[in-house]
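Read the structure below first, then the notes.
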Amino acid sequence: MKVGIADYGMNVWYGSCYSYADRWSDIKKIGYDGLERLQPISADDALEKAAELKRRNMDFATCLAPNIEHAIKWTAALGKKYIWIELDAGNDEEYYRRVNYQVEACARYGIKAVLHNHLGSRVESQEELERFLVNCPDAGMVFDTGHLAGAGGNVIEIVEKYSERIISLHVKDFVYKDKDADNWWDRLRFCGLGCGEMGDLNAEVINLLKKRGYNDWILVEHDTHLRDPLKDLADSRDYIRKKCGI
């Protein structure tokens, strides 16, 4: 397995003014193998960034490109496994149809289209996630433990039932701000592993996936930082090392 960072929270903290080169060097020092998504603006940029990561003995999981065609082609060309499904239009029937077309488009290049379950999105609750998996049988998951737990879902049950659909794993914890708030971002905020409501649930998920033969990315994501992100991320890396032996 590789342990990396889904760096949304870093982007927020630094206002995106944090060069890739500095970010790679800093997260390597605290024990990470890379970032989830390379964000190139051209094919040349994709090659340059991928080469710089390789030179540092680091890696990435997928490309976030200016459009879906380039995301598929650059991700496939660089030997990675998946791209995120990033569309949300129409009713459920229309949505599933478009997802399945995207799945087919990815399959032509030997990669997977994967869903990232997320609070406030079309696929938020466990019921919505399972309905998606039934209607889009060849799609994979970037399974996010914190978002499903925050939506009241049973994280372990999803792993037990659909471990073969998990192509990449996002791990995070959360604390409540106001349980009665209408908006999820007012209801909770995400935090470091083992520091919130989930306890050691993330370690249980990782260890269960290990037993199931999972050997892909584990990606730490702190959507909200209240201090230097590198301190939070170092603590979460230590958590995975101590609780999961990785």
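Count residues from 1 along the sequence.
Side-chain contact between Gln102 and Val99 is absent, with no heavy-atom pair separated by less than 4.5 Å. Considering only heavy atoms from C-beta on, Arg187 comes within 4.5 Å of Trp184 through its side chain. Within the 4.5 Å cutoff, the side chain of Ser125 has no heavy atoms near those of the Asn117 side chain. In this structure, Leu193 and Met198 have side chains that are not in contact, with every pair of non-hydrogen atoms separated by 4.5 Å or more. The closest side-chain heavy-atom distance from His225 to Tyr14 is not below 4.5 Å.
Tyr32 contributes a side-chain N or O that, together with a main-chain N or O of Leu233, makes up a donor-acceptor pair within less than 3.5 Å. Within the 3.5 Å criterion, the main-chain N or O of Cys63 finds a donor-acceptor partner in the side chain of Thr75. Arg165 places a side-chain N or O within donor-acceptor distance of the main-chain N or O of Leu133, the cut-off being under 3.5 Å. Listed for the Glu94 side chain is a donor-acceptor partner under 3.5 Å among the backbone atoms of Asn91. Looking at Asn67, its side chain does come within 3.5 Å of a backbone N or O of His70 through a donor-acceptor pair. Looking at Asn183, its side chain never comes within 3.5 Å of a backbone N or O of Trp185 through a donor-acceptor pair. Within the 3.5 Å criterion, the main-chain N or O of Asp44 finds no donor-acceptor partner in the side chain of Glu48.
Between Met58 and the options Lys54, Arg55, Arg56, a side chain to side chain contact (heavy atoms under 4.5 Å, CB included) holds for only Arg56. Only one option out of Leu53, Asp59, Thr62 pairs with Leu38 in a side chain to side chain contact (heavy atoms under 4.5 Å, CB included); it is Leu53. Checking each of Ile5, Asp144, Val171 against Glu221 for a side chain to side chain contact (heavy atoms under 4.5 Å, CB included) leaves exactly one that passes, namely Asp144.
The aromatic rings of Phe174 and Phe190 sit perpendicular to each other, their planes meeting at more than 60°, with 30° as the lower class boundary. Using the six-membered ring where Trp is involved, Trp84 and His116 have ring planes that are tilted, between 30° and 60° apart.
For the residue pair Asp22 and Ser19, a side-chain donor N or O sits within less than 3.5 Å of a side-chain acceptor on the partner.
Here NZ of Lys112 is found 11.0 Å from NZ of Lys81. Values are rounded to the nearest 0.5 Å. The CD1 atom of Ile166 sits 5.0 Å away from the CG atom of Leu209 when rounded to the nearest 0.5 Å. To the nearest 0.5 angstrom, Met141 atom CE is 9.5 Å from Leu148 atom CG. Put simply, CG on Leu129 and NE2 on His147 are 13.0 Å apart, with the number rounded to the nearest 0.5 Å. For the atom pair CG of Asp223 and NE2 of His170, the computed distance is 9.5 Å after rounding to the nearest 0.5 Å. We find the CG-OH distance between Leu188 and Tyr176 to be 7.0 Å, quoted to the nearest 0.5 Å.
We find that Glu52 and Lys49 are not joined by a salt bridge, their nearest charged nitrogen and carboxylate oxygen being 4.0 Å or further apart. Ion pair Arg131/Glu127 flagged as a salt bridge, since at least one NZ, NE, NH1 or NH2 atom sits closer than 4.0 Å to an Asp/Glu carboxylate oxygen.
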Can you list, pair by pair, the side-chain donor-acceptor contacts under 3.5 Å of residues 199-206, counting residues two or more places apart and other chains?
from	atom 1	to	atom 2	distance (Å)
Asp200	OD1	Tyr239	OH	3.1
Asp200	OD2	Lys243	NZ	3.2
Asn202	OD1	Thr145	OG1	2.6
Asn202	ND2	Lys172	O	2.9

Cut-off 3.5 Å, no hydrogens considered: what does the side-chain donor-acceptor table look like for residues 155-162, sequence neighbours left out?
from	atom 1	to	atom 2	distance (Å)
Lys161	NZ	Glu130	OE1	2.7
Tyr162	OH	Glu130	OE1	2.7

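Closest approach of Cys136 to Asn100, counting heavy atoms only: CA-OD1, 3.3 Å.
Sorted by first and then second residue, the salt bridge (Lys or Arg N to Asp or Glu O under 4.0 Å) pairs with a member in residues 25-37 read Arg37-Glu86; sequence neighbours excluded.
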